[in-house]
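The structure appears below as structure tokens.
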Amino acid sequence: AQTVTQSQPEMSVQEAETVTLSCTYDTSENNYYLFWYKQPPSRQMILVIRQEAYKQQNATENRFSVNFQKAAKSFSLKISDSQLGDTAMYFCAFMSSGGGADGLTFGKGTHLIIQP
Amino acid sequence: KAGVTQTPRYLIKTRGQQVTLSCSPISGHRSVSWYQQTPGQGLQFLFEYFSETQRNKGNFPGRFSGRQFSNSRSEMNVSTLELGDSALYLCASSLAGWGGNEQFFGPGTRLTVL
């Protein structure tokens, strides 16, 4: 079974700063997918970014980018020019490519607070 | 395109009762997955349905069950409720459920067991 670890329970930064959220995972598989989800106070889970393990290029989506280190099993999320609306819980998640027998495996989450 | 809908949004039950939660996926999506979110255990996978068949199941007791209808709508049922079943139950729909297909989440059903 896979495990996902987020070592930062809470982070707080000033608006417009850059922040990096950490995520490590453990798997014996070679092909898989990694995701970052955002859950604001409304509790609606929103996909922020995804990465296919077979792609070496790091995924980017506007102000969000990842640093994917496959050998180190590390998948960090960088948020540039942070905004008040980025305040939320952020979950790192793993899914096998071969059918998702365990569905999405989530980390415990990082509560990100953007201060004005 | 309408998003994933879940009903009811809030539910209060007492121990020993049973409950049924409903999830309507995005039109065209055939996979529906269910997750339980609690402060202690975080987000945990319950099960996944595809074309009316349970394809995958997480590590939950048999009191948790589900089904999927021909229109892809899904229900989950929890029998003999326990206090520990109090949680936010999220469903997610996707085109095929695997291959990294994006999973779109509903707003959740908040279940409180007294």
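Residue numbering restarts at 1 for every chain, and letters A, B, ... go by the order of the sequence lines. Keep in mind it's a predicted model, so treat the numbers as computed, not measured.
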Looking only at heavy atoms, which two atoms of A:T60 and A:S65 are closest? And how far apart?
CG2-CB, 3.7 Å
Stepwise, does the side-chain contact (heavy atoms from CB on, under 4.5 Å) test hold for A:L77 with A:I49?
CA-CA 9 Å; A:L77 173 70; A:I49 201 165; 4.1 Å; yes
Rounded to the nearest 0.5 Å, how far apart are CD1 of B:I12 and OG1 of B:T14?
11.0 Å
So if you build clusters from Ile, Leu, Val, Met, Phe, Trp, Tyr with side-chain heavy-atom gaps below 4.5 Å, do B:V113 and B:Y10 land together?
no
Taking the ring centre of each residue, are A:F75 and A:F94 less than 6.0 Å apart?
no
For B:E48, the option from B:S94, B:S31, B:S33 that meets side-chain hydrogen bond (donor to acceptor under 3.5 Å, both in side chains):
B:S31
Has the side chain of B:R110 got a donor or acceptor atom that lies under 3.5 Å from a matching backbone atom of B:L11?
no
Checking heavy-atom separations under 4.5 Å from chain B, one finds in residues 105-116 of chain A A:F106, A:K108
Tell me, for A:Q51 versus chain B, whether the close heavy atoms (under 4.5 Å) come from the side chain, the backbone, both or neither.
neither
Does the plane of the ring in B:Y49 sit parallel, tilted or perpendicular to the ring in B:F47? Use 30° and 60° as the thresholds.
perpendicular
Whatever's closer than 4.5 Å to a heavy atom in chain A on B:Y35 counts as side chain
Exactly one of A:Y32, A:Y33, A:F35 should register a ring pair (Phe, Tyr, Trp, His ring centres under 6.0 Å) with A:Y25. Which one does?
A:Y32
Below 4.5 Å from any heavy atom of chain A, which atoms of B:Q44 appear? Answer side chain, backbone, both or neither.
neither
Gap separating the OG atom of A:S96 from the CG atom of A:N30, nearest 0.5 angstrom:
12.0 Å
Residues of residues 66-93 of chain B under 4.5 Å from chain A (heavy atom pairs)?
B:L88, B:L90
Rounded to the nearest 0.5 Å, the OG1 atom of B:T38 sits from the CG atom of B:L111 at a distance of 12.0 Å
